[in-house]
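One structure below.
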Amino acid sequence: MKNKEIADIFYEIAGFLEIKDVKWKPRAYRRAARSIETLSEDIEKIYREKRLEDIEGVGENIRDKIIEYLETGHLEYYEELKKDLPVDFDALTSIEGIGPKTVKKLYQELDVNDIEDLEEAARKGKIADLKGFGEKSEQNILKGLDMAKINQKRMLLGEAFPLVSDIKQRLSDSIYFDKIDVVGSFRRKKPTIGDIDILATSNNPEKAMEEFCNFEDVVEVLEKGKTKSSVIVSDGLEIDLRIIDNESWGSGLIYFTGSKDHNINLRRLSNRKSYKLNEYGLYRKEGEKEKIASVCEKDVYKALNLDYIPPELREDTGEVEAAEGGKLPKLVEIGDIRGDLHMHTNWSDGINSIEEMAKKAEKRGYNYIAITDHGPGAKITDPPQSISDWKKLKEEITRINEKYNLKVLFGAEAEIEKDGIDLVDEIVDMLDLLLVALHRKLSNPTEKLIDVFNRYPVGIWVHPLNRKINKREPLDLNLNKLVNKAKKENISLEINSQPHRLDLPWDLVKKHRNKIDYVINTDAHSVKQLDYLKFGIYQARRGWLEKENILNTRKLDNLQKILTK
DNA sequence: GCCGTTTTCGGCCCGACTGTTTTCAGTCG
Ligand SMILES: Nc1nc2c(ncn2[C@H]2C[C@H](O)[C@@H](COP(=O)(O)OP(=O)(O)OP(=O)(O)O)O2)c(=O)[nH]1
Ligand SMILES: [Mg+2]
Ligand SMILES: [Mg+2]
Ligand SMILES: [Zn+2]
């Protein structure tokens with residue numbers, strides 16, 4: 001798939017054009033790049049079917065550039081720009097405080113092409129001498145370079161939770177803060193978050209900002225003002241705080257929750273209706289310019305003739321248009337889930353017993369769970385191996401079933417291997433539910449999966465792309481083909497709730513939601529991890545899922561199609 | 001360069017903070 005490749009070229013072109021101070025084209029190229037990046041099909045397929053211009057933001061010009069690149073592997077326009085401006089735009093502008101204008105100036109005046117050049121120029125004190133720059137700008141660049149070195153990857157949503165509650169606690173302990181909400185990508189429940197964004201009201205904004213910037217773990221204050229401050233705390237994590245009047249709370253929430261593209265879309269819509277939308281409110285543009293709405297989010301959306309859009313949907317993937325037409329989904333909620341169909345115990349690599357898991361599941365109010373320990377092919381120390389091991393496991397599950405007020409299904413997480421799965425038929429025949437997973441690199445994985453779907457009574461295909469966020473890329477599978485096959489064989493796809501997995505990813509969940517049923521599972525390896533369910537729910541919501549799209553919102557009687565018998 | 005419940009031409013989101021400036025451009029959210 002060349003989607004990413006082409007998107008990256010267009011992003012780079014946008015950068016070059018921005019340096020050249022070309023108006024509006026950067027915006028056009030970025031828009032096209034974003035569409036191509038988030039495309040749910042192969043751009044070469046779209047090209048073959050002559051549908052390139054159907055892509056949002058792709059017109060005649062960009063269409064021709066895509067064609068040129070696909071046909072020749074080369075894009076003259078891009079090569080020319082690169083020759084003209086041989087700078088690493090992405091790397092340079094990733095330094096805090098450096099944008100296109102600075103890149104241009106540093107290239108023209110000091111021949112800075114990349115980070116190394118930048119560092120050298122700053123260390124030698126050359127930047128401070130430039131017109132429009134000074135001692136401080138140079139120091140800031142040096143600081144930015146240092147930050148970029150420690151600055152790690154985006155943090156997992158799951159890792160952010162404890163940090164967020166700690167920060168919230170500290171702010172609410174302060175006498176200067178009133179309302180406090182964590183917004184940005186955290187509120188939208190993106191799988192990873194770039195920073196922590198906080199919206200607050202205060203009885204004394206200046207004192208509040210003072211206190212915030214002097215928290216003990218603050219290592220650097222990036223900016224500090226009456227309404228907005230940014231700090232870096234340990235590990236290079238950035239925290240942005242915005243303080244706003246109570247009466248602007250709703251519009252402030254919309255602004256700071258984002259996403260950026262959602263905001264722009266709402267603001268465009270406002271303009272078309274002769275309104276102006278900013279973080280302070282929605283205003284009429286003409287006459288008295290009076291305020292129409294601002295106190296709560298619902299008011300603002302309503303004034304724009306939109307249904308309330310839940311934060312998880314605010315990614316500009318069609319939610320504004322859906323909200324105009326009353327076509328937003330009624331999103332699944334955590335209380336809709338009746339059982340968890342993927343968990344491990346100390347019979348394989350889990351740390352708790354079957355009984356402990358059942359007890360906790362009962363406490364959570366589940367009607368059913370499935371114990372799904374690994375088969376002998378798993379790369380763990382002591383999986384159940386022999387048929388007699390699995391018989392004992394079954395007996396234990398039967399015993400637990402008599403003790404607790406929920407149905408404990410006997411399942412297994414089978415490994416997909418070179419030929420079939422790691423469980424013999426005699427074991428498969430004992431099971432109530434068969435999960436299959438890919439954990440290894442196999443040749444032709446799509447074909448292997450289809451073969452397994454054909455040969456075994458598979459119920460759920462778990463963590464389908466076997467990704468580990470920030471660590472392992474998702475598998476490159478023919479998902480269209482697999483979804484169609486899964487549907488035919490009554491196989492459901494998992495949304496795995498482990499914070500480092502969140503797999504199937506939400507954008508693909510959204511794409512296939514009308515073709516296949518999903519199951520949201522925790523894949524818990526301990527009692528505690530049964531509470532990971534919320535992370536799976538968030539991703540399902542980001543994927544526009546309703547209760548009806550998810551099998552484990554149903555009663556056990558209605559799960560027949562994925563059970564082995 | 002793209003696009004159209006106002007449009008095929010003329011818009012394209014809007015505002016806070018900083019540094020270097022003597023009035024604002026650049027960067028970022
Ligand atoms: N209107 C408008 N709002 C913006 C813009 N940039 C950012 N915002 C708003 C929407 C964002 O969700 C919010 C927080 O900005 P962030 O840079 O922290 O982005 P966000 O939290 O969405 O993603 P992140 O995980 O931090 O990368 O500020 C912009 O250019 N225009
Ligand atoms: Mg953020
Ligand atoms: Mg931020
Ligand atoms: Zn598992």
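- In this structure, A/Leu17 reaches neither bases nor backbone, as no heavy-atom distance under 4.0 Å exists between it and the strands shown.
- The distance from atom CG of A/Asn271 to atom P of B/dG10 is 18 Å, rounded to the nearest whole Å.
- Sequence order on DNA chain B of the closest nucleotides to A/Lys285 and A/Thr102 puts A/Lys285 first from the 5' end.
- Summarising the base pairing, B/dC3 is matched to B/dG10 through a Watson-Crick or G-U wobble pair whose two defining distances lie under 3.5 Å.
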Can you give one letter per nucleotide of nucleotides 15-21 of chain B, going 5' to 3': B for a protein heavy atom under 4.0 Å from the base, S for sugar-phosphate only, - for none?
SSSSSS-

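- One atom, CG of A/Leu269, and another, C1' of B/dT6, lie 14 Å apart when rounded to the nearest Å.
- Between A/Asp261 atom CG and B/dC14 atom C1' the separation is 14 Å, expressed in whole Å.
- Distance OH (A/Tyr275) to C1' (B/dC13): 18 Å, rounded to an integer number of Å.
- To the nearest 0.5 Å, atoms CG (A/Asn484) and NE2 (A/His512) are separated by 8.5 Å.
- Note on A/Glu223 versus A/Lys228: salt bridge recorded, some NZ/NE/NH1/NH2 to OD/OE distance being below 4.0 Å.
- Where A/Ser94 and A/Lys273 each meet DNA chain B at their nearest nucleotide, the meeting point lying more 5' is that of A/Lys273.
- A distance of about 24 Å separates the C1' atoms of B/dC14 and B/dC9, rounded to the whole Å.
- Spacing between B/dT18 and B/dG1 at atom P, rounded to whole Å, works out to 37 Å.
- The local environment of CD in A/Glu216 is sparse, with at most 12 non-hydrogen atoms from other residues, nucleotides or ligands closer than 6.0 Å.
- Contact annotation for A/Ile264: base contact, defined as any heavy-atom pair under 4.0 Å involving a base atom.
- Under the 30°/60° scheme for interplanar angles, the aromatic rings of A/Phe186 and A/Phe161 are found to be tilted.
- Here CG of A/Leu465 is found 10.5 Å from CZ of A/Arg501. Values are rounded to the nearest 0.5 Å.
- Residue contacts for A/Pro26: at a heavy-atom cut-off of 4.0 Å it reaches no nucleic acid atom on any strand shown.
- Rounded to the nearest Å, the gap between the P atom of B/dA16 and that of B/dT22 is 24 Å.
- We find that CG of A/Leu266 is positioned 16 Å from C1' of B/dC12, with the value rounded to whole Å.
- Using atom C1' as the reference point in both B/dC13 and B/dT21, the two lie 27 Å apart (nearest Å).
- For the salt bridge (charged side-chain N to carboxylate O under 4.0 Å, His left out) test with A/Glu18, the passing option among A/Arg27, A/Arg30, A/Lys101, A/Lys25 is A/Arg30; the others fail.
- As a whole-Å value, the separation of A/Leu241 CG from B/dG29 P is 14 Å.
- Of the P atoms belonging to B/dT7 and B/dC2, the separation is 22 Å, rounded to the nearest Å.
- Rounded to an integer number of Å, the gap from A/Asn263 CG to B/dC13 P is 12 Å.
- Side-chain proximity of A/Glu96 to the nucleotides B/dT27, B/dC13, B/dC28 is greatest for B/dC28.
- Across the P atoms, B/dC17 and B/dT23 are found 23 Å apart, a figure rounded to whole Å.
- Cation-pi geometry between A/Lys65 and A/Tyr77 is met: the NZ or CZ atom falls under 6.0 Å from the ring centre, inside 45° of the normal.
- Nucleotides B/dG10 and B/dG15 place their P atoms 25 Å apart, quoted to the nearest Å.
- Regarding A/Arg272, its CZ atom lies at a distance of 9 Å from the C1' atom of B/dG4, rounded to whole Å.
- Using a 4.0 Å cut-off, some side-chain N or O of A/Arg27 falls inside it from OP1 or OP2 of B/dC13.
- In summary, the side chains of A/Tyr280 and A/Glu247 do not present any donor paired with an acceptor at a separation below 3.5 Å, with no hydrogens or angles considered.
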